[in-house]
Protein chains: 2
Amino acid sequence: MTDPRVRRWSPVGAAIARLLAPHAEVVLHDAATDRVLAVWNPLSRRATGDPSMLGELKRLDPAGDDVYGPYEKLLSDGRRLSSVSAVLRDDDGEPSAVLCVNLDRTPLEQAAALLAAFAAPTAPRPEALFEQDWAERVHQIVGAYVREHGRPAERLTRDDRLALLAELDAAGVFAVRRAVPVVAGALKISRSTLYALLAEHRRSPRP
Amino acid sequence: MTDPRVRRWSPVGAAIARLLAPHAEVVLHDAATDRVLAVWNPLSRRATGDPSMLGELKRLDPAGDDVYGPYEKLLSDGRRLSSVSAVLRDDDGEPSAVLCVNLDRTPLEQAAALLAAFAAPTAPRPEALFEQDWAERVHQIVGAYVREHGRPAERLTRDDRLALLAELDAAGVFAVRRAVPVVAGALKISRSTLYALLAEHRRSPRP
DNA sequence: GTCCACCTCGGACATTCCGTCCAATTCGTC
DNA sequence: GACGAATTGGACGGAATGTCCGAGGTGGAC
């Protein structure tokens with residue numbers, strides 16, 4: 001009845017879940033069918049057998065060690081999770097399952113905010129007025145969107161790029177010198193198209 | 001032997017100091033002579049009788065309730081303090097002393113950073129990539145410096161402006177479009193001079 | 001007071017960047 | 001395969017950037 005993979009990995013999942021409880025869930029996915037094999041301490045009320053949202057994982061390929069993340073995930077109720085995934089292989093070296101640990105960062109962030117606010121002077125930030133390597137940040141934002149939507153940057157939809165531009169514009173990226181060529185490069189479009197899309201967005205910003 | 005003001009206010013100072021120990025000092029200043037009357041739990045190894053650095057206080061005038069701050073103060077060793085001051089008046093209503101409480105925020109900030117870093121995904125912040133109205137921030141930074149040094153912007157020293165430029169440059173202001181004229185205006189110097197000073201700073205940045 | 005070294009300033013200038021436009025090409029759809 | 005829409009590279013005018021210089025100004029030494 002019980003899947004042999006579950007038998008094999010169950011102690012690991014249970015141990016991690018118990019260590020981080022109540023703020024983390026551990027999920028064991030079937031690599032082939034994209035189904036959930038087992039969940040310990042579920043945060044997002046998924047049950048065994050549910051389809052997992054694992055499709056994206058194959059696309060991220062940091063070339064190598066079968067460990068992904070940590071990356072950020074948003075739950076529908078707004079909680080923010082830090083997630084890591086590990087590809088588990090059977091004795092032949094074939095991927096047979098994927099183990100994901102999702103840690104709810106919300107309480108930690110609340111605590112951090114509490115400490116940071118304590119006795120804070122009226123002028124909050126010390127320095128760090130502008131992002132130093134904003135180009136990196138641009139690529140991160142684009143990368144996040146790409147991961148979220150499962151399309152590599154080269155074949156984003158026109159609407160994708162519009163939305164991404166809206167995001168970047170709202171973040172004030174275009175107030176930075178030399179930003180346009182960088183963003184165009186990150187979005188894999190030409191400078192001309194970027195200006196066209198940007199004009200379109202600014203003409204009628206979408207909600 | 002003991003100053004009557006010290007006798008009167010001593011319990012207050014001692015109580016506050018004991019409550020916040022070991023991360024806060026309480027200092028009682030003489031309003032007229034700018035001397036330290038008493039210190040509880042000193043952080044900055046000042047002793048009774050030392051000249052206080054209170055001169056600035058008169059310049060900050062939030063019109064009214066004799067309470068100043070909290071504002072930020074830097075110790076020479078880099079610790080950051082949150083300070084509040086209260087003007088204490090005698091029975092005639094004349095200012096007779098000033099009570100300052102300096103709270104060392106460093107441990108709190110370290111703890112906050114620790115929590116914030118725990119399990120943080122690689123992409124830290126959600127949004128708020130670039131300061132939206134950076135011009136305002138430039139004026140704030142210059143304003144802070146001016147207040148700190150008690151010279152209006154028109155007659156800052158050359159070295160003042162160099163230091164201020166270093167600060168702004170480190171904050172990345174000059175990566176923003178159209179920043180140079182704004183900064184020149186805020187520093188009350190010409191564009192030419194700004195470029196000259198900036199080159200001088202970048203040639204030999206001071207420690 | 002005079003001199004001199006050092007700054008600052010306004011303006012000229014070359015350079016780079018920005019934003020727009022267009023004709024040619026590619027793409028997606030039917 | 002034909003058609004309309006989107007994208008592209010390139011060209012262009014205008015704006016911002018960064019450099020340079022000569023004309024004053026300022027302050028200190030003597």
Side-chain angles (χ1 to χ4, degrees), chain A residues 129-135 137-138 142 145-146 149-206, chain B residues 129-139 142 145-146 149 151-166 168-206:
Chain A
L129 176 43
F130 300 102
E131 194 67 41
Q132 287 300 340
D133 65 349
W134 49 272
R137 284 297 312 276
V138 169
V142 175
Y145 191 99
V146 164
H149 290 68
R151 286 181 286 277
E154 294 82 13
R155 55 191 81 91
L156 285 176
T157 302
R158 175 188 172 82
D159 284 333
D160 285 339
R161 295 197 237 253
L162 258 179
L164 217 22
L165 272 188
E167 208 172 305
L168 291 168
D169 191 26
V173 170
F174 297 110
V176 175
R177 297 173 59 178
R178 245 148 290 177
V180 168
V182 172
V183 172
L187 259 54
K188 311 287 185 190
I189 57 179
S190 72
R191 216 169 55 92
S192 308
T193 307
L194 169 22
Y195 277 117
L197 293 179
L198 195 55
E200 183 174 337
H201 158 62
R202 308 230 245 227
R203 211 177 310 122
S204 64
R206 44 191 70 197
Chain B
L129 177 43
F130 300 104
E131 193 69 40
Q132 285 304 338
D133 80 350
W134 48 272
E136 187 51 35
R137 285 296 312 276
V138 168
H139 282 99
V142 175
Y145 191 97
V146 163
H149 290 68
R151 283 182 286 276
E154 293 80 12
R155 58 193 79 90
L156 285 175
T157 302
R158 173 188 173 83
D159 284 332
D160 285 338
R161 294 197 238 254
L162 258 179
L164 218 21
L165 272 187
L168 291 168
D169 192 26
V173 170
F174 297 110
V176 175
R177 297 169 62 175
R178 246 146 288 181
V180 168
V182 172
V183 173
L187 259 55
K188 311 286 185 192
I189 57 178
S190 73
R191 218 169 54 91
S192 309
T193 307
L194 169 25
Y195 278 116
L197 293 179
L198 194 55
E200 182 174 339
H201 159 61
R202 308 230 243 228
R203 210 177 312 123
S204 65
R206 43 192 68 198

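All values derive from a computational prediction rather than experimental measurement. Throughout, a chain's letter reflects where its sequence line sits, starting with A, and its residues are numbered from 1.
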Item checked: B:Lys188 NZ - C:dC9 P separation (whole Å) -> 12 Å
Check: CD of B:Glu200 versus P of C:dC6: gap in Å, rounded?
Finding: 12 Å
Check: Is it true that a side-chain atom of A:Arg151 and a backbone atom of A:Val146 form a donor plus acceptor pair closer than 3.5 Å?
Finding: no
Note to self: Checking A:Arg177 now: which residues fulfil salt bridge (Lys or Arg N to Asp or Glu O under 4.0 Å) with it, not counting sequence neighbours?
What the structure shows: none
Notebook entry, point to check: Of all nucleotides in DNA chain D with an atom under 4.0 Å from a non-hydrogen atom of chain A, which is the first and which the last going 5' to 3'?
Noted result: D:dA6 to D:dG18
Margin query: Could you check whether any side-chain N or O of B:Arg161 sits under 3.5 Å from a backbone N or O of B:Ala153, counting only pairs where one atom can act as donor and the other as acceptor?
Written below: yes
Checklist line | Side-chain donor/acceptor of B:Arg191 to backbone N/O of B:Ala184, under 3.5 Å | finding: no
Margin query: Rounded to the nearest 0.5 Å, what separates atom CG in A:Leu164 from atom CD1 in A:Ile189?
Written below: 9.0 Å
Checklist line | Distance, nearest 0.5 Å, that separates CG of A:Asp159 from CG of A:Leu165 | finding: 11.5 Å
Note to self: With rounding to the nearest 0.5 angstrom, report the CG to OH distance, B:Asp160 to B:Tyr145.
What the structure shows: 3.5 Å
Next item on the list: Report the distance from atom CD1 of B:Ile189 to atom C1' of C:dC9, rounded to the nearest whole Å.
Entry: 11 Å
Note to self: Can you measure B:Leu197 atom CG to C:dC9 atom C1' for me and round it to whole angstrom units?
What the structure shows: 12 Å
Note to self: I need the CZ-C1' distance between B:Arg158 and C:dC9, as an integer number of Å.
What the structure shows: 14 Å
Checklist line | Note: B:Glu200-B:Arg158 ion pair, threshold 4.0 Å (strictly below) | finding: yes
Notebook entry, point to check: Can you give one letter per nucleotide of nucleotides 13-29 of chain C, 5' to 3': B if a protein heavy atom sits under 4.0 Å from the base, S if only from the sugar-phosphate, - if neither?
Noted result: ----SSBBB--------
